[in-house]
Amino acid sequence: MTDLVARRGPDLTAAELYDLLRLRVDVFVVEQNCPYGEIDGLDLLPTTWHLWAPGDAGAAGCLRVLAEPGGVARVGRVVTAPSARGTGLGARLMDAAVQYIGDVESVLNAQTYAQGFYARFGYEPEGEEFDEDGIPHIAMRRKA
């Protein structure tokens with residue numbers, strides 16, 4: 001596996017965006033059987049930051065960081081391809097995201113089963129579990 005790649009939304013090539021969207025749809029929509037509007041208009045914003053690991057068949061894992069009002073960062077669309085699971089790639093992506101975010105407060109909506117994974121990076125559960133597109137989630141926050 002090669003090094004991680006980072007780009008702002010407007011700097012993505014069409015092929016890079018395609019790879020990221022394909023991975024996200026393959027996992028979130030197809031594998032998890034969760035039809036939702038993946039094309040949300042946020043990927044190409046100048047304030048959106050994408051991080052991914054190229055693989056032999058496209059992106060092996062990726063995430064994005066959005067700028068929310070009030071200076072809060074939102075980590076989202078954290079995903080690894082089935083072939084990359086168990087390799088530590090998810091942790092590498094989150095480590096890089098936390099380094100990028102720095103001391104800024106950040107939030108994410110974790111699938112409930114993954115709370116422990118995100119806790120390793122300083123995220124703490126906040127509020128009650130909720131349903132997002134048929135999958136249990138919990139809001140998590142990492143304080144500045």
Side-chain angles (χ1 to χ4, degrees), residues 1-9 11-12 16-144:
M1 192 173 313
T2 61
D3 290 328
L4 300 179
V5 178
R7 297 231 201 298
R8 293 270 179 210
D11 299 329
L12 290 172
E16 289 167 342
L17 179 60
Y18 177 86
D19 279 347
L20 301 178
L21 293 172
R22 185 179 70 188
L23 174 61
R24 291 171 7 193
V25 167
D26 284 352
V27 173
F28 296 135
V29 177
V30 177
E31 179 184 329
Q32 295 183 350
N33 193 27
C34 180
Y36 73 101
E38 172 57 35
I39 310 299
D40 61 7
L42 302 175
D43 286 310
L44 296 177
L45 294 176
T47 55
T48 300
W49 184 77
H50 296 271
L51 178 68
W52 73 94
D56 294 335
C62 65
L63 60 74
R64 71 181 183 186
V65 179
L66 305 174
E68 295 227 318
V72 175
R74 174 169 293 278
V75 176
R77 302 297 205 265
V78 181
V79 62
T80 55
S83 62
R85 293 182 192 148
T87 65
L89 176 57
R92 284 182 57 216
L93 289 165
M94 282 302 298
D95 276 335
V98 167
Q99 287 179 17
Y100 168 76
I101 293 166
D103 291 333
V104 173
E105 182 176 21
S106 61
V107 296
L108 55 83
N109 289 342
Q111 292 186 9
T112 303
Y113 79 89
Q115 283 183 77
F117 172 74
Y118 294 111
R120 293 173 26 198
F121 305 97
Y123 289 87
E124 297 178 1
E126 181 176 86
E128 299 296 319
E129 185 177 284
F130 61 94
D131 179 279
E132 185 172 322
D133 299 315
I135 298 176
H137 281 72
I138 185 89
M140 299 186 78
R141 182 174 303 274
R142 182 175 161 268
K143 295 181 179 165

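Just the heavy atoms: all of them, side chains too, but no hydrogens, waters or symmetry mates, feed the values below.
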Of all heavy-atom pairs linking Gly58 and Arg22, the shortest is CA-NH2, 3.7 Å
Determine whether Asn109 and Arg74 make a side-chain contact, defined as any pair of heavy atoms from C-beta on separated by less than 4.5 Å. yes
Distance from Asp11 atom CG to Leu17 atom CG, nearest 0.5 Å? 12.5 Å
Could you check Leu89, Leu23, Val5 and say which one makes a side chain to side chain contact (heavy atoms under 4.5 Å, CB included) with Cys62? Leu23
Among Val75, Val98, Ile101, side chain to side chain contact (heavy atoms under 4.5 Å, CB included) partner for Phe121: Val98
Go through Leu20 and Arg7 one step at a time and tell me if the side-chain contact (heavy atoms from CB on, under 4.5 Å) criterion holds. CA-CA 12 Å; Leu20 301 178; Arg7 297 231 201 298; over 6 Å; no
Got a sec: does the CD of Glu126 have more than 12 other heavy atoms crowding it under 6.0 Å? yes
Can Arg85 and Glu31 be counted as an ion pair, charged N to O under 4.0 angstrom? yes
Which pair of heavy atoms, one from Val29 and one from Pro35, lies closest together, and at what distance? CG1-CA, 4.2 Å
What heavy-atom pair brings Ala59 and Ala81 nearest, and what distance separates the two atoms? O-CB, 4.4 Å
Donor-acceptor pair, side chain of Thr48 and main chain of Leu42, under 3.5 angstrom: yes
How far does CZ of Arg64 sit from CG of Leu12, to the nearest 0.5 angstrom? 11.0 Å
Report the distance from atom CZ of Arg142 to atom CE of Met140, rounding to the nearest 0.5 Å. 12.0 Å
Verdict with reasoning, Val78 to Leu108, per side-chain contact (heavy atoms from CB on, under 4.5 Å): CA-CA 10 Å; Val78 181; Leu108 55 83; 5.9 Å; no
Just say parallel, tilted or perpendicular for the rings of Tyr118 and Tyr123, cut-offs at 30° and 60°. perpendicular
Side-chain contact, heavy-atom cut-off 4.5 Å: Leu66 with Leu45? no
Once rounded to the nearest 0.5 Å, what's the spacing between atom CD of Glu129 and atom CD of Gln115? 7.5 Å
When rounded to the nearest 0.5 Å, the distance separating CG of Leu63 from OG1 of Thr80 is 11.0 Å
Would you say Asp103 has more than 12 foreign heavy atoms packed within less than 6.0 Å of its CG? no
What one should report as the nearest heavy-atom pair of Leu51 and Ala6 is CD1-CB, 4.1 Å
Heavy-atom pair with the smallest gap, counting every atom of Pro125 and Ile138: CB-CG1, 4.1 Å
Can you confirm whether Leu21 sits close enough to Ile39 that some side-chain heavy atom of one is under 4.5 Å from a side-chain heavy atom of the other? yes
What's the verdict on side-chain contact (heavy atoms from CB on, under 4.5 Å) for Gln111 and Gln32, showing C-alpha distance, side-chain angles and the deciding distance? CA-CA 11 Å; Gln111 292 186 9; Gln32 295 183 350; 2.9 Å; yes
Just so I know, are the side chains of Arg24 and Asp43 near enough to count as touching, which here means a heavy-atom distance under 4.5 Å? yes
Value for OG1 (Thr112) from CG (Asp131), rounded to nearest 0.5 Å, stands at 9.5 Å
Which residues satisfy the side-chain hydrogen bond (donor to acceptor under 3.5 Å, both in side chains) test with Asp19, sequence neighbours excluded? none
Provide the closest heavy-atom pair for Ala53 versus Leu93 in the form atom of the first, atom of the second, distance. N-CD2, 4.4 Å
For the pair Tyr36 and Glu38, evaluate side chain to side chain donor-acceptor pair (under 3.5 Å) and give the outcome as yes or no after the intermediate values. CA-CA 6 Å; Tyr36 73 101; Glu38 172 57 35; 2.2 Å; yes
